[in-house]
Every structure is written in structure tokens, then in C-alpha cells.
Amino acid sequence: MRAKCNFLKKLSAVALTLGVVVGTLAVGAQPALAASGFQVTDQQYEKSYQLDNGKVYFEAKGTFPVITDDSVAAKKINQEMKKQKNKWIRQSENEAAEAKTDFEGWISDEEFPVPEWTCTDDISYEIKSNDGNYFSVLMSGYLFQGGAHGSPYRVAMTFDAKTGKKLTASKLFKTTKAKLNSKVRNLYLRKYDKKGVDAGFYGEGKSGRDALKKTLTSKDFNFNQEFYVKNGKAVFYVYPYELGPYAAGFIETSATIK
């Protein structure tokens with residue numbers, strides 16, 4: 001679920017991993033309706049990690065969507081979303097095991113101060129489309145492992161609301177993956193031409209555009225998966241540092257679905 005986090009870890013000032021005591025999973029009592037499609041409720045997950053001396057070194061918190069409708073399409077969508085939730089939980093547990101080793105090592109080393117901060121991983125969701133045609137969910141997470149700041153990450157899932165089938169962007173636009181990538185690259189270049197650094201991109205002028213074009217063509221962006229649907233448009237995004245500085249966040253561009 002955190003496909004880009006390894007990339008961001010390398011850029012952190014301190015590269016620590018997470019670290020097992022109590023885990024809980026509960027369904028929220030108050031269902032929410034997004035737009036006019038499926039009925040959706042929250043499912044909460046919390047887990048706190050601590051050492052034998054009581055030091056809490058990692059906390060995982062997640063809010064995940066669950067469709068309460070009993071249609072065939074709803075059941076298929078729920079199955080896919082459950083897979084993503086379980087993947088997130090497994091990754092947190094793996095990171096927890098690594099972090100436990102790190103913290104125990106610091107405790108045994110009298111010359112190294114044990115960090116006072118706690119590693120955290122928080123993820124929540126926003127339903128971007130729920131109009132009877134598309135059900136699109138954007139999961140937004142933030143992984144803190146020490147250093148100046150944490151690593152934001154996203155997981156987006158878009159489904160055909162009538163069949164429950166998960167959609168890729170190439171299927172959405174009825175094209176090939178290669179043509180889709182070319183289309184999105186051009187969208188980013190056009191955005192640069194209109195706004196330049198004001199849109200969060202690196203560099204200015206012709207040299208900035210040339211650098212952007214080189215990055216877009218040489219880097220393997222996963223536009224086929226990294227998108228969500230909102231108001232009849234597919235919204236594509238790239239991670240912080242990929243096309244702009246950390247402060248720019250996720251730089252987005254969009255295309256109308258016809």
C-alpha cells in the first residue's frame with residue numbers, strides 16, 4: 001500500500017522504521033452517505049507498540065471505508081478495499097519488527113540517547129466519487145519515522161459502481177497504458193506552461209520545462225493506478241519530491257472522462 005514510501009524514506013534525515021501490544025478494529029456507529037450512491041461507514045483500526053520498559057515507539061491508526069449495501073457490486077468493492085486494509089496492517093507490522101530492533105539497540109548503547117518521539121502511521125479516506133457510475137476512494141496516509149518531517153503517501157481505488165470491478169486509468173479512457181502515460185505527461189507540461197513554479201514544480205522558464213519533460217519521460221510513473229475520479233474527471237498525482245519540493249505536496253493534473 002505504501003509503494004512510494006521507500007522512495008521517501010531515503011530522503012528523510014533519519015531513516016527509522018516502525019515498530020506489538022494491542023490492536024483493535026471497530027466499525028463506526030454512524031454511517032455516512034457520500035453523494036447519491038452507496039451507503040458507507042467507517043471502520044477504525046488502532047494499534048500501539050511499546051517496549052518492555054513501557055516506551056511507546058509506534059502507533060498505527062487507520063480509518064477505512066466499508067459499504068453497507070448488500071449488492072453484488074458492493075460486496076466486490078468491499079473485498080478489494082479489505083485487501084488494501086490488510087496490506088496496510090501487514091506492512092505496519094513488518095516495520096514494527098524492524099523498529100523494535102532499532103529502539104532496543106539504542107537502549108543498550110549508553111552513548112546514544114533514546115529518541116523521545118514516537119513513530120506514527122495514520123491513514124484515512126475520502127470518497128471522491130459516489131454517483132452511481134463510479135465509486136472512487138482516496139486513502140491518504142502520513143508515516144513519521146523521525147527527522148524533520150514524515151512521509152505522506154496515497155492509495156487510490158476507483159470502481160465501476162454497477163459491476164464492482166476495479167478500474168485502471170487506461171480502462172477508464174479506453175486506451176493503452178503507453179498512450180495514457182503520454183497523455184498525462186502532456187497534461188503536466190501544459191500545467192507547467194500555465195503556472196510554472198506557482199503550481200509547485202521545480203525550476204523556472206525553458207530550463208525548468210526541459211527538466212520537467214526529462215523527468216516525466218525518464219521516470220516510471222504509475223499514472224495507470226495513481227489517480228482518482230472526481231466530478232467527471234480523472235485526477236492524476238505525483239508524490240512530493242518527484243516533480244517539485246516536499247512543500248508542494250502531491251502535484252495533480254486532471255482529464256475529463258468522456
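- The minimum heavy-atom distance linking Pro245 with Gly200 is given by the pair CD-O, 3.3 Å.
- Of the N and O atoms on the side chains of Gln44 and Thr63, at least one donor lies less than 3.5 Å from an acceptor on the other residue.
- Atom NZ of Lys166 has more than 12 heavy atoms from other residues, nucleotides or ligands within 6.0 Å.
- Taking the charged nitrogens against the carboxylate oxygens, Lys61 and Asp121 have no contact shorter than 4.0 Å, which rules out a salt bridge.
- Remark: aromatic rings of Tyr134 and Phe159 are distant, center separation not under 6.0 Å.
- Taking the six-membered ring where tryptophan is involved, the planes of Tyr241 and Tyr246 are tilted, since the angle between them lies from 30° to 60°.
- Side chains of Asp102 and Tyr57: a donor-acceptor N/O pair is absent below 3.5 angstrom, by distance only.
- Residue Asn53 qualifies as enclosed at atom CG: its count of foreign heavy atoms under 6.0 Å is above 12.
- Closest non-hydrogen pair, Phe173 versus Lys183, comes out as CE2-CE, 4.3 Å.
- By the rule that hydrophobic residues join a cluster once side-chain heavy atoms approach within less than 4.5 Å of another member, Leu212 and Val197 end up as members of separate clusters.
- Electrostatic pairing of Glu204 and Arg209 does not count as a salt bridge here, judged by no charged N lying under 4.0 Å from a carboxylate O.
- Within the 4.5 Å cutoff, the side chain of Trp88 has no heavy atoms near those of the Lys83 side chain.
- Taking both residues in full, the closest heavy atoms of Thr163 and Ala73 are given as C-CB, 3.7 Å, listed atom of the first, atom of the second, then distance.
- The side-chain heavy atoms of Glu59 and Lys47, taken from C-beta on, include no pair separated by under 4.5 Å.
- Residues Glu93 and Arg90 are not paired through a salt bridge, judged by the lack of any N-O separation under 4.0 Å between the basic side chain and the carboxylate.
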Begin with the C-alpha distance, continue with both residues' side-chain angles, and end with the deciding distance and a verdict on side chain to side chain contact (heavy atoms under 4.5 Å, CB included) for Lys179 and Thr176.
CA-CA 5 Å; Lys179 289 181 179 179; Thr176 64; 3.2 Å; yes
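- Under 4.0 Å is where a charged nitrogen must lie from a carboxylate oxygen, and between Lys214 and Asp210 no such pair does.
- Here the closest heavy-atom approach between residue Lys55 and residue Phe103 is recorded as CE-CE2, 3.9 Å.
- Residues Glu252 and Tyr228 form a side-chain contact, since some pair of their non-hydrogen atoms from C-beta on lies under 4.5 Å apart.
- Salt bridge present: Lys128 and Glu126 bring a charged side-chain N and a carboxylate O closer than 4.0 Å.
- Two residues are said to be in side-chain contact when any heavy atoms from C-beta on lie closer than 4.5 Å; Thr215 and Glu242 fail this criterion.
- Using cut-offs of 30° and 60° on the angle between ring planes, the pair Phe221 and Phe223 is parallel.
- Counting heavy atoms from C-beta outward, Met81 and Ile67 have side chains that approach closer than 4.5 Å.
- Atom CD of Gln225 and atom OG of Ser170 lie 8.0 Å apart (nearest 0.5 Å).
- Taking the six-membered ring where tryptophan is involved, the planes of Phe58 and Tyr49 are tilted, since the angle between them lies from 30° to 60°.
- Considering only heavy atoms from C-beta on, Asp69 stays 4.5 Å or farther from Val40 through its side chain.
- If you check the side chains of Ser136 and Ser129, you find no donor sitting under 3.5 Å from an acceptor.
- Hydrophobic clustering, with ILVMFWY side chains joined whenever heavy atoms are under 4.5 angstrom apart, keeps Phe144 apart from Val56.
- Counted within 6.0 Å of NZ on Lys213, heavy atoms from surrounding residues, nucleotides or ligands total 12 or fewer; the atom is thus considered open.
- Here Phe135 and Phe38 bring their ring centres to under 6.0 angstrom of each other.
- Residues Val229 and Ile257 meet the side-chain proximity criterion, which asks for heavy atoms closer than 4.5 Å.
- Between Phe227 and Leu180, the closest side-chain pair of non-hydrogen atoms is not below 4.5 Å.
- For the pair Tyr239 (side chain) and Pro152 (backbone), a donor-acceptor distance under 3.5 Å is absent.
- Leu187 and Tyr202 fall into different hydrophobic clusters, where Ile, Leu, Val, Met, Phe, Trp and Tyr side chains are chained together by heavy-atom contacts under 4.5 Å.
- For the pair Met139 and Tyr125, the tightest heavy-atom approach, listed with the atom from each and the gap, is SD-CB, 3.2 Å.
- For the pair Ala169 and Phe236, the tightest heavy-atom approach, listed with the atom from each and the gap, is CB-CE2, 3.8 Å.
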